[in-house]
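Since the structure comes first, as structure tokens, the remarks are kept for the end.
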Amino acid sequence: MAAMVYPVGTVTNALGHLEIGGCDVVDLREEFGTPAYIFSVEEMRRRAMAYQSAFAAHTDNFEVLFASKALPVTAAYRLFAETGLSVDVASGGELTIALAAGYAPERIYMHGNNKTDAELELASNAGVGHLIVDSFDEIDRCERVLKEEQDVLIRVTPGIKPSTHTYIQTGQLDSKFGFGLEDGTAAKAIERVLASDRLNLVGLHFHIGSQIFEIEPFRLAVEALAGLRGDWCRIVDLGGGLGISYAEADEPPEIASYVDLKIASVREFFGDDVRILIEPGRSLVGTAGVTIYTVGTIKEIPGIRTYLSVDGGMSDNLRPMLYDAEYEAIIANRAGDPAERVVTVAGSHCESGDILIRDVTLANPQVGDILLTPATGAYGHSMANNYNGMPRPPVVFCENGEARVVVRRETYEDLLVRDV
Ligand code: LLP
């Protein structure tokens, strides 16, 4: 069991069962069934505090925003609100959940490359603190829809490409997001917003991508943006993107060194007085969450491969199919047993591509065992779907040996509820 991949405090107990947040996974399965997303509250809180204290060591002019797309669950918004984080929402839906969770509207930052009239109205009526403006059409729409003056940041694509999967690179000129730097549209957007009587320009934003291990691209992006700055620029928002360990060999930078570099870059290129914002998603919740499944069938094709099928798959974790993401796994009810059998973990969907993990070594798996995949806390629940009529799993928060369901399992009745 690799320490970095699992939530803090994960142990194998005397029965050989894995414990997450002090809860025995065998008991968790008994109580909540499988598949289920299990979270360590301590890990989430610890990571939020790591961000907060990394900033506080240098400045009090900062805000850490929970990028809620990673885990848009009311209880997660509440938890991060309690630890002093602001929040980034990317749609009317995420905004609705953030408000329902009790987020103060002035702590909400709203993104989106195609915010609709209805979303802008919702944001404006709620009193959302800041919009991150993404296009000229949106500027026109804001002027038409917004009733009151609105503080905004402008999203810029700085022309920096970090090394990560192309689907999650967002800082390059050829992107659907934001205003280009190289082609001069960012400068034009600034002029346009400064001339607006409805929009009040207060800062700049970039987000260059996700699951990033190098920190230098963030410095380059800040440097690239510096040519745009003006007296109006009181806020620089450097987006999210810090990677996490999905496998033992992954070595992402520490939160503190990532934050230090971001602060130093802003100080160097924008001076001491601007407010620094960052928007972590994955690095707050990714390693805090694991998914538990029950092994249902084991099919051995001699000389070729052994397929081990679990009771979930691409409906609860799309990342292997979308990004070729790689995961580890463990037989969690026999966590102390040596891993010696190589299998391919498949889901239960009607597709050959429904493979969660290729070639993982497990402790002689048996039908009925609990298969646990770590580091599934980010973008698992949020990208879950009902393919093949699969009800979405519950979200369970564990802390000090207490487990509570914060999102219940979907039922077959839920699948019929929207029929008219
Ligand atoms: N800010 C903005 C404007 C973003 O678009 C994102 C993520 C974040 C912050 C948070 O980034 P993070 O800290 O989580 O890297 N579904 C993909 C990830 C897509 C990320 C989209 N934007 C995945 O599962 O890898």
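If you're wondering where the values come from, they're calculated on a predicted model, not measured in any experiment. Keep in mind that the numbers below use all heavy atoms, side chains included, and drop hydrogens, waters and symmetry copies. Atoms within each ligand, like the ligands themselves, are counted from 1 in listed order.
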Would you mind running through ligand 1 and noting each atom that sits below 4.0 Å from a heavy atom of Met383? 16 (N), 24 (O)
Is ligand 1 under 4.0 Å from a heavy atom in the side chain of Asp88, in the backbone, in both, or in neither? side chain
Salt bridge (Lys or Arg N to Asp or Glu O under 4.0 Å), that's the test. Do Arg358 and Glu326 meet it? Break it down for me. CA-CA 8 Å; Arg358 264 169 227 287; Glu326 290 177 12; over 6 Å; no
What atoms of ligand 1 come within less than 4.0 Å of a heavy atom belonging to Gly281? 12 (P), 13 (O), 14 (O)
Looking at Ser210, which atoms of ligand 1 are within less than 4.0 Å of one of its heavy atoms? 11 (O), 12 (P), 14 (O), 15 (O), 20 (C)
Aromatic ring pairing Phe66/Tyr77, orientation class (parallel under 30°, perpendicular over 60°, tilted between): perpendicular
Give the numbers and elements of all ligand 1 atoms closer than 4.0 Å to a heavy atom of Arg282. 12 (P), 13 (O), 14 (O), 18 (C), 23 (C), 25 (O)
Using a strict cut-off of 4.0 Å, indicate which atoms of ligand 1 neighbour a heavy atom of His111. 3 (C)
Proximal atoms of ligand 1 relative to Pro280 (non-hydrogen, under 4.0 Å): 13 (O)
Indicate yes or no: does Glu138 engage Lys115 in a salt bridge with an N to O separation below 4.0 Å. yes
N/O to N/O below 3.5 Å, does that happen between His205 and ligand 1? no
Please report the closest heavy-atom contact between Tyr103 and Leu85, naming both atoms and the distance. OH-O, 2.6 Å
Min N/O separation Tyr323 to ligand 1 under 3.5 Å: yes
Does the side chain of Leu71 come within less than 4.5 Å of Tyr379's, by heavy atoms? no
Hey, does Glu19 have a side-chain heavy atom less than 4.5 Å from the side chain of Val25? no
Quick note on ligand 1: atoms under 4.0 Å from a heavy atom of Ala67 include exactly 8 (C), 9 (C), 10 (C)
Flag Arg155 as yes when one of its N or O atoms lies below 3.5 Å from any N or O atom of ligand 1, and as no otherwise. no
May I ask whether Gly241 has any heavy atom positioned less than 4.0 angstrom from an atom of ligand 1? yes
Any idea which atoms of ligand 1 are less than 4.0 Å away from a heavy-atom of Glu279? 1 (N), 2 (C), 3 (C), 8 (C), 9 (C), 10 (C), 13 (O)
Does atom CD (Glu214) have a neighbourhood of more than 12 heavy atoms from anything else shown, all under 6.0 Å? yes
Are side-chain N/O atoms of Arg219 and Ser265 paired as donor and acceptor at under 3.5 Å? no
Test item: Phe179 and Val133 side chains (from C-beta on) under 4.5 Å apart, heavy atoms: yes
